[in-house]
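Written out below as structure tokens is the structure these notes cover.
In what follows, chains are A, B, ... by sequence order, proteins preceding strands, each numbered from 1.
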Amino acid sequence: MLKTPRGPTSKVAATLVSLVAFVVGGRRLAARADEVGGVRPWSPALSIPSTTPFVHAVVRHGDEVLPVYDLAARLGVQSGTGDHLCLVAKRRDGLMAVCIDADIPTLHTLDPSGIRTTARQESDMIGVCVIGGEEVPVYSLALLGLQAKQARHR
Amino acid sequence: MSLRGRTTGATVLVAEAQFLVVISGGVPVAIPSDLVRGIVQPEAAQPGQTIVWLGATYPVTDLADRFGWPHVAWTPDARAVLCGTADRILALYVDQVVGLTDLDRRRIKPLPPHFSGAERTWITGVFLFREGVALVPDSTWLIGQQREEPAPSAVIEPPEPVPSPALRAMPHDSEAVEAEEVNLADQLDAEPIEEVSDAEDAPWADI
């Protein structure tokens, strides 16, 4: 009978965390891979009159209509005029589309200790890590923008 | 007919609704057809003015203003959609009239929960329309807050009106423009218009 060996090596592998690195307005960011619902070509968004911070549009993918979270506006960067990609974020209250630069997102595996928290970070930010020699902020897509939403309900 | 049968029929009627789809600020917007009293070509009417049609005076509002969208340059496709309820009337200036569409109300999806602000009272939902999405505004919000007379702050100095042949013969003041009726059949391409049983409630559909 074939059996997967269970040794120290596999225990170490189980604790590693997978991150997806992507670019918004020229700024490199990362998010946990299990909170990414996919990456698709960007479709034109439909503007929705809205008072919700950074949620002012929806985008259609097939029969699915997703709200758009304007991460570029939140970061204060310009998303540029070229092609874009749609990063599907698995937020707690449902899927959400995030417009990212056309650079193909990359997958990275690292030890959780490689993500360190910073003194001043927002509630939807996990910390920062080093990818390719560059310090990259790691966001929780499950919590992306949720604090602003909850603050409005208080 | 049995009572049970009548109940079934009523359920089918409620499930379907008719909308007039217009374009405003590049966005398809579906106006419930039971609000629509007419569609006119606003040759000289601008937001802040009024349109007189069948004896009623409609204050003109740009639909893009209601949504806070940027204005699109005037085109010959621009129309004023005359809307009204029992106690309020309003002319909505739109960039283009697309046409009538019948829709199963179950196809209207509410706004995703991510939208958590006042927009939940402005927008009933969205539905898949052609290659994109159309917006269904809340009827009460759409015309409910508008007063019959435009607020002074909303008055825009109108450009020098260019009287149409239909207007030259009739006197009118500088702010009230007698509407030129539009042949709706030229405007509608989403659905062919068929006579419906409740056509008396929608006189604008009688073409």
Side-chain angles (χ1 to χ4, degrees), chain A residues 35 37 40-74 84 86-99 123-124 139-154, chain B residues 21-31 61-72 92 94-96 98 103-104 106-145:
Chain A
E35 293 176 349
R40 307 166 177 172
W42 181 254
S43 305
L46 177 85
S47 177
I48 301 271
S50 168
T51 58
T52 306
F54 309 117
V55 184
H56 301 284
V58 294
V59 68
R60 177 180 173 179
H61 286 285
D63 287 349
E64 198 176 22
V65 178
L66 297 179
V68 176
Y69 188 82
D70 194 347
L71 188 53
R74 176 174 157 186
H84 294 97
C86 173
L87 179 84
V88 179
K90 291 181 181 175
R91 204 168 88 165
R92 276 185 185 168
D93 52 356
L95 297 179
M96 206 165 58
V98 179
C99 182
S123 63
D124 53 3
Y139 280 87
S140 166
L141 297 182
L143 300 174
L144 189 62
L146 261 182
Q147 188 192 30
K149 179 182 176 181
Q150 287 160 353
R152 292 168 62 87
H153 287 288
R154 282 187 203 128
Chain B
V21 180
V22 301
I23 303 291
S24 175
V27 176
V29 178
I31 301 172
T61 293
D62 195 322
L63 186 55
D65 283 341
R66 300 287 285 152
F67 287 119
W69 290 326
H71 286 268
V72 175
L92 292 170
V94 301
D95 303 330
Q96 187 186 347
V98 178
L103 187 71
D104 187 331
R106 289 168 295 190
R107 284 182 52 207
I108 301 175
K109 303 177 181 183
L111 277 184
H114 309 71
F115 291 93
S116 58
E119 63 272 14
R120 301 204 72 82
T121 61
W122 306 339
I123 309 293
T124 301
V126 297
F127 65 89
L128 305 182
F129 180 71
R130 296 185 174 170
E131 303 302 314
V133 179
L135 206 60
V136 182
D138 179 81
S139 302
T140 308
W141 172 77
L142 186 64
I143 65 169
Q145 298 171 347

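- In this structure, the side chains of B:L135 and A:P49 come closer than 4.5 Å at one or more pairs of heavy atoms.
- Residues A:L46 and B:V133 approach most closely at CD1-O, 3.7 Å, considering heavy atoms.
- Scanning for ring-ring contact (aromatic ring centres under 6.0 Å, His included) contacts around B:F127 gives an empty result, with sequence neighbours left out.
- For a residue to count as touching a neighbouring chain, one of its non-hydrogen atoms must lie under 4.5 Å from one of that chain's; by this rule A:A45 does not touch chain B.
- Atom CZ of B:R120 sits about 10.5 Å away from atom OG1 of A:T51, to the nearest 0.5 Å.
- None of A:D93, A:L95, A:V58 except one satisfies the side-chain contact (heavy atoms from CB on, under 4.5 Å) rule with B:H114; the exception is A:D93.
- Considering every non-hydrogen atom in both A:S50 and B:W122, the closest pair reads N-CZ3, 4.2 Å.
- Interface residue B:I123: only side-chain heavy atoms are found under 4.5 Å from chain A.
- Taking all atoms of both residues into account, the shortest heavy-atom contact from A:R60 to B:F129 is NH1-N, 3.9 Å.
- Shown here are the side chain to side chain donor-acceptor pair (under 3.5 Å) partners of B:S139, two or more places apart in sequence or in another chain: there are none.
- Proximity to chain A (any heavy atom under 4.5 Å) is restricted, for B:V126, to the side chain, taken from C-beta onward.
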*asked:* Please determine whether side-chain contact (heavy atoms from CB on, under 4.5 Å) holds for the pair A:T52 and B:E119, giving the CA-CA distance in whole Å, both sets of side-chain angles, and the decisive distance to 0.1 Å.
replied: CA-CA 8 Å; A:T52 306; B:E119 63 272 14; 2.3 Å; yes
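- Minimum heavy-atom separation, A:S47 to B:W69: OG-NE1, 3.0 Å.
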